[in-house]
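These notes concern the structure reproduced below.
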Amino acid sequence: MALPSPLATLPGPSPMPLFGWRGNMVRFFLDPIAYMDSMRASFGNVVPLARGGGGPLMLQAREAEGTVFAFGPECNQAVLSQMQLFHSVRIHGPSESRPFERLTAGLFNMNGEQHRQQRRLMQPAFHKKQLDGYRDLMVALTAHTLDRWKAGETRDLGAEFQRLTLAIANQTLFGLETTETVRSLGEHIAEQVSLFLSPGARLPAAVPFTPRRRLVAIAARVEHQLRSLIAEKQRLGTEQGDVLSTLLAAREEGGGRLTEDELIGQLFVLFLAGHDTTRSALSWALFLLSQYPKVMEQLGDELEGTLRGEPPSVEHLGRLPLLERVLKESLRLFTPAPFILRLTATPLELAGSPLPAGTEVVLSFYHTHRQPELYPEPLRFRPERWEGFSPSPFEYVPFGGGARMCIGAGFAMMEMKIILAMLLQRFRVELAPGARIDRKVQIVLSPKHGLPMRLLSREQTVGRSPTPVRGDVHQMVELPGAA
Ligand code: HEM
């Protein structure tokens, strides 16, 4: 007789009536933040998807026997600093799609020596000197966007940031103009992620008109578009110091150091990770500022006092303390990558809980950032908490940690500082009346209906109170004036 799984010893929620653990899985996918909120509040730091362990959440049954949610710095440290025990895993798409398999063969899904080697190849493009070289392009593309805006207009700043961060990623990382192909590539990648996360993607291949069918078609198109970008880059030459040049050069010289599939996979990861997270972070930062006009005013004063209407130079970026604190606090509250996924490679203990090999671990950074013992009054936006305060690398994890820590963290911070510094010297912002802010989690945590904002001149905002806001954002942050 087989021994019961150690997962069966962990306290957790009951499997749902009729549907069993699959019902719990659906509840998770409908609202991951709400599901994990209740797990953390009721059961502690390591909680199975359903009592008994449930089943795999995102992986396939042959790969994972059950799933746990893991919360808090102790779990972060154990998972992030032991890559050999907690593997990063490829989430399989439709079995009939070879392009999908190739697109998901990037850094995110590699382990051990292969991960180390590929990361070493990409690293030079993210060194400080190289990043400083991206400053001028970031400034020019931001100015180009802001020049189209006028005080008094209402715009969806979520969509504006989407276009701007895509253009910045494309031109700095790939050294290419933002053509129609690139724009539609961004849209197709977003659609691919959204289809992949829809329950219809798990229906059998034979069912027509399903998200699965569309996903197969979209993955083929994305791969085709990435191949066109590579061909275009080869035509232009690869001596430009951007990431794509570095990867292509490695491919040409390296005698198999980077296969064609790996190249496609790395580009897909960079496209995906290189702009969507930054778009999300900028959107939430602006939302918070719109709700805290006093902080927006103080930040405007800091920027105008230091920069005098000019875009920031590289040296300025380290001399804008309030801007730094606003971004840190916003990344804490609205962590763009709220959780990550790992698979246990051997039987082990996580924070005292026994896990068998083949357990999916969903590690929530979002919840670490809301622990009151680490962050007093955790639901309040308080940039001043960062004065003289440095949490440990596993207590503050917007960019992950350990050997897989975000390779683009410096790039993202620089980009967000430049965009906010330029934007807030030209405009103040106010949430459009009647706006609803709900969350959406499709890997990245975003405002579901975009971010409709009124652009105002500095004079127009004096003494104004923030626009009341509706939506489940109130579960995530305490807003001034909220009932
Ligand atoms: C605010 C913006 C960003 C946030 C919050 C963010 C967050 C993260 C997190 C949490 C991880 C760790 C994932 C894990 O451990 O599984 C990660 C990894 C990664 N990020 Fe970012 N990221 C951001 C911007 C960027 C940018 C701009 C780029 C590229 C230019 C980028 C490229 C990557 C890559 C390639 C990895 C995989 C690293 C590895 O596995 O070694 N990210 N990011």
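Note that ligands are numbered from 1 as they come in the structure, with each ligand's atoms numbered from 1 the same way. Remember, it's a predicted structure, so these values are computed and weren't measured experimentally.
For residues 361-383, every residue pair satisfying the salt bridge (Lys or Arg N to Asp or Glu O under 4.0 Å) rule, not counting sequence neighbours, is listed here: Glu377-Arg380, Glu377-Arg382, Arg382-Glu384. Each salt bridge (Lys or Arg N to Asp or Glu O under 4.0 Å) pair with one or both residues in residues 125-135, not counting sequence neighbours, appears once here: Lys128-Asp132. Among pairs with a residue in residues 350-361, none fulfils side-chain hydrogen bond (donor to acceptor under 3.5 Å, both in side chains), at least two apart in sequence or across chains.
Not one N or O on the side chain of Arg439 forms a donor-acceptor pair closer than 3.5 Å with the backbone of Pro447.
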Show me a pair-per-line table, with atom names and distances to 0.1 Å, of protein N or O atoms that are under 3.5 Å from an N or O of ligand 1.
{"residue": "ligand 1", "atom": "15 (O)", "partner": "Arg342", "partner atom": "NH2", "Å": "2.8"}
{"residue": "ligand 1", "atom": "16 (O)", "partner": "Arg342", "partner atom": "NH1", "Å": "2.9"}
{"residue": "ligand 1", "atom": "16 (O)", "partner": "Arg342", "partner atom": "NH2", "Å": "3.4"}
{"residue": "ligand 1", "atom": "40 (O)", "partner": "His115", "partner atom": "NE2", "Å": "3.3"}
{"residue": "ligand 1", "atom": "41 (O)", "partner": "His115", "partner atom": "NE2", "Å": "2.7"}
{"residue": "ligand 1", "atom": "41 (O)", "partner": "Arg119", "partner atom": "NH1", "Å": "2.7"}

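Atom NE2 of His144 is surrounded by 12 or fewer heavy atoms from other residues, nucleotides or ligands within 6.0 Å.
For the pair Arg40 and Phe69, the cation-pi criterion (under 6.0 Å, within 45° of the ring axis) is not fulfilled.
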